[in-house]
Peer 1: 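Pasting in a structure now, in structure tokens, and then I'll have a few things to ask.
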Amino acid sequence: MTGAQLRMARAALKFSVREIAALAQVSPNTVTRIEADLPSNASTIAAIRAALEAAGVEFIAENGGGPGVRLRKAAPPGES
């Protein structure tokens, strides 16, 4: 996960830095550092990514167009 992907995911969800930090159980400063592409522990990045995925974000690999994110398509009514 890149800093740009984290910023895009946060914007798509309309979450603040504090909200993402609380979901991932990390400090807001850590989220800000990762968004700035500063070094962080792999386990911290994994925790943030897992929190974002649980909130409905899908990470898109760099496949010629660059890495990105999108929101998971909602299930039709009656399906989970």
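Both backbone and side-chain heavy atoms feed into the values below; hydrogens, waters and symmetry mates do not. Keep in mind that this is a model prediction, so the values were computed, not measured.
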Peer 1: My understanding is that only residues two or more places apart in sequence, or in another chain, count here; which of them pass side chain to side chain donor-acceptor pair (under 3.5 Å) with Thr30?
Peer 2: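 Testing Thr30 for side chain to side chain donor-acceptor pair (under 3.5 Å), a comparison that skips the adjacent residues, returns Ser27.
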Peer 1: Please name all residues satisfying salt bridge (charged side-chain N to carboxylate O under 4.0 Å, His left out) with Glu19, sequence neighbours left out, ordered by chain then number.
Peer 2: none
Peer 1: Is there any salt bridge (charged side-chain N to carboxylate O under 4.0 Å, His left out) pair reaching into residues 35-45, and which pairs are they, with sequence neighbours excluded?
Peer 2: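 Of all non-adjacent pairs touching residues 35-45, those that pass salt bridge (charged side-chain N to carboxylate O under 4.0 Å, His left out) are Arg10-Glu35.
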Peer 1: With side-chain hydrogen bond (donor to acceptor under 3.5 Å, both in side chains) as the rule and sequence neighbours excluded, what pairs involving residues 39-59 come up?
Peer 2: Arg49-Glu53, Glu58-Arg70
Peer 1: Tell me, please, which residues at least two apart from Arg33 pass salt bridge (charged side-chain N to carboxylate O under 4.0 Å, His left out).
Peer 2: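 With sequence neighbours excluded, Arg33 shows a salt bridge (charged side-chain N to carboxylate O under 4.0 Å, His left out) to no residue whatsoever.
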Peer 1: Looking at Ala54 and Arg72, what are the two nearest heavy atoms and their distance?
Peer 2: O-NH2, 4.0 Å
Peer 1: Leu23: which other cluster members, linking ILVMFWY side chains closer than 4.5 Å, directly or transitively?
Peer 2: Met1, Leu6, Met8, Leu13, Phe15, Val17, Ile20, Val26, Val31, Ile34, Ile45, Ile48, Leu52, Val57, Phe59, Val69, Leu71
